[in-house]
Amino acid sequence: MKLHWSPRSPFVRKVAILLHETGLQARVERVRSVAAIATPNPAIMVDNPLSQIPTLVLDDGQALYDSPVICEYLDTLHDGPRYFPPAGPARWTALQRQALADGMLAILLIWRQERMKAPGQQLPEWLAAFATKIAASLARLEAGAASLHDGHDIGHVTVGCMLSYLDYRFADLHWRAGHPALAAWHATFEARPSVIATRPDDAQT
């Protein structure tokens with residue numbers, strides 16, 4: 001299989017962590033692919049017309065995207081504990097956490113693009129809206145942080161990747177302030193070998 005990949009994308013990192021956790025790394029060839037919002041990449045578009053990463057190309061040529069779909073597919077290829085619970089409340093909790101953290105990452109990516117603009121080109125109402133949504137979402141995660149210590153599934157992986165992306169691109173927000181339970185859980189997430197092995201690398205272009 002072939003994975004369109006970047007060392008800094010939090011969505012790619014979800015896939016990379018799952019590959020490490022499930023022992024599937026050797027089955028996937030990583031192809032360094034630059035996906036910029038304003039610059040479609042023809043090489044990615046051969047497999048994904050949205051020009052987005054991650055994109056996983058299967059051995060038969062079928063392409064899967066985006067990270068929730070790719071991760072759920074990979075979860076069918078190993079014999080270990082499932083990262084997508086098969087049914088019942090555990091499944092809905094995992095998927096809800098994944099959706100919340102993925103949604104936060106989508107906001108953070110756009111927020112970063114807006115913050116990188118010259119001050120006169122920024123939209124203050126956008127910046128305020130992004131800040132409000134992220135603050136509310138962190139508060140929601142803090143309220144349920146105690147239950148994050150129970151198990152390790154796709155919801156945990158996605159929440160962990162989102163918080164690590166806050167550290168990476170939004171260190172000035174100091175998200176740990178006011179979220180002690182969430183910060184304590186994230187420290188355990190950051191200590192996992194799969195997470196250490198997939199830290200963003202600015203040395204790679």
Side-chain angles (χ1 to χ4, degrees), residues 3-20 30 32-41 44 50-55 65-68 70-71 97-142 145 148 154-180 182-192 194-205:
L3 178 68
H4 287 285
W5 167 89
S6 164
R8 295 185 289 272
S9 164
F11 293 111
V12 170
R13 193 179 188 193
K14 283 177 57 182
V15 176
I17 287 174
L18 196 68
L19 288 172
H20 275 267
R30 298 190 307 175
R32 180 68 176 93
S33 303
V34 178
I37 292 177
T39 310
N41 185 331
I44 301 175
L50 298 172
S51 187
Q52 294 177 345
I53 55 175
T55 294
Y65 37 85
D66 51 5
S67 63
I70 294 172
C71 287
R97 285 176 176 153
Q98 177 180 226
L100 176 59
D102 274 343
M104 292 175 73
L105 282 171
I107 289 172
L108 290 170
L109 290 174
I110 301 172
W111 191 4
R112 179 169 180 265
Q113 291 290 323
E114 193 67 18
R115 295 199 335 170
M116 290 172 65
K117 294 179 181 178
Q121 296 179 331
Q122 294 176 353
L123 296 174
E125 61 271 26
W126 282 27
L127 296 174
F130 297 152
T132 296
K133 292 177 181 181
I134 294 301
S137 298
L138 285 170
R140 183 67 56 88
L141 288 170
E142 173 69 13
L148 285 169
I154 193 60
H156 298 82
V157 172
T158 313
V159 170
C161 285
M162 181 275 300
L163 294 173
S164 296
Y165 187 76
L166 278 171
D167 286 336
Y168 180 50
R169 295 298 197 193
F170 291 83
D172 60 295
L173 296 185
H174 304 291
W175 68 265
R176 288 173 179 79
H179 307 99
L182 192 59
W185 172 81
H186 186 249
T188 68
F189 174 81
E190 285 276 284
R192 298 181 74 90
S194 63
V195 177
I196 294 171
T198 57
R199 284 174 178 160
D201 185 0
D202 278 332
Q204 300 189 46
T205 58

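- When all heavy atoms are compared, the tightest approach of Arg8 to Pro200 is CA-CB, 4.3 Å.
- The shortest non-hydrogen separation linking Phe11 to Ala106 is CZ-N, 4.0 Å.
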Where do Leu127 and Arg115 land on the side chain to side chain contact (heavy atoms under 4.5 Å, CB included) test, with the steps shown first?
CA-CA 8 Å; Leu127 296 174; Arg115 295 199 335 170; 3.9 Å; yes

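- Contact annotation: the side chain of Leu163 never approaches that of Glu190 to less than 4.5 Å [non-hydrogen atoms, C-beta and beyond].
- Side-chain contact check for His20 versus Arg192: every heavy-atom pair is 4.5 Å or farther apart.
- The backbone N or O of Asn41 lies less than 3.5 Å from a partner atom in the side chain of Ser51, making a donor-acceptor pair.
- A distance of 6.5 Å separates CG in Leu173 from CG in Leu166, rounded to the nearest 0.5 Å.
- Here the closest non-hydrogen pair linking Ser6 and Val12 is O-CG1, 3.6 Å.
- Annotation: side chain of Leu141 is not in contact with side chain of Trp185 (no heavy-atom distance under 4.5 Å).
- Remark: Gln113 CD to Trp126 CH2 distance equals 11.0 Å, nearest 0.5 Å.
- The OG atom of Ser137 sits 13.5 Å away from the CD atom of Glu142 when rounded to the nearest 0.5 Å.
- A 4.5 Å side-chain heavy-atom check between Thr55 and Leu50 finds every atom pair outside the cut-off.
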Derivation and outcome, side chain to side chain contact (heavy atoms under 4.5 Å, CB included), residues Trp111 and Lys133:
CA-CA 11 Å; Trp111 191 4; Lys133 292 177 181 181; over 6 Å; no

Decide yes or no on side chain to side chain contact (heavy atoms under 4.5 Å, CB included) for Leu19 and Thr198, but give the supporting numbers first.
CA-CA 10 Å; Leu19 288 172; Thr198 57; over 6 Å; no

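- Contact between Gln121 and Glu114 at its shortest, heavy atoms only, is O-OE2, 3.9 Å.
- For the pair His4 (side chain) and Gln52 (backbone), a donor-acceptor distance under 3.5 Å is absent.
- When all heavy atoms are compared, the tightest approach of Leu18 to Cys71 is CD2-O, 3.2 Å.
- For Arg199, the side-chain contact (heavy atoms from CB on, under 4.5 Å) criterion is met by Arg13, Ile196, not counting sequence neighbours.
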Working note: Tyr65 + Ile44, criterion side chain to side chain contact (heavy atoms under 4.5 Å, CB included); need CA distance, chi angles, decisive distance, verdict.
CA-CA 11 Å; Tyr65 37 85; Ile44 301 175; over 6 Å; no

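- The line from CG of Leu100 to CG of Leu105 is 10.0 Å long, rounded to the nearest 0.5 Å.
- Separation of atoms CE (Met104) and CZ (Phe130) is listed at 13.5 Å; rounding is to 0.5 Å.
- Taking every heavy atom of both residues into account, Lys14 and Ile154 meet most closely at CE-CD1, 4.4 Å.
- Aromatic ring orientation, Trp175 versus His179: tilted (interplanar angle from 30° to 60°).
- The line from CE of Met162 to CZ of Arg97 is 12.0 Å long, rounded to the nearest 0.5 Å.
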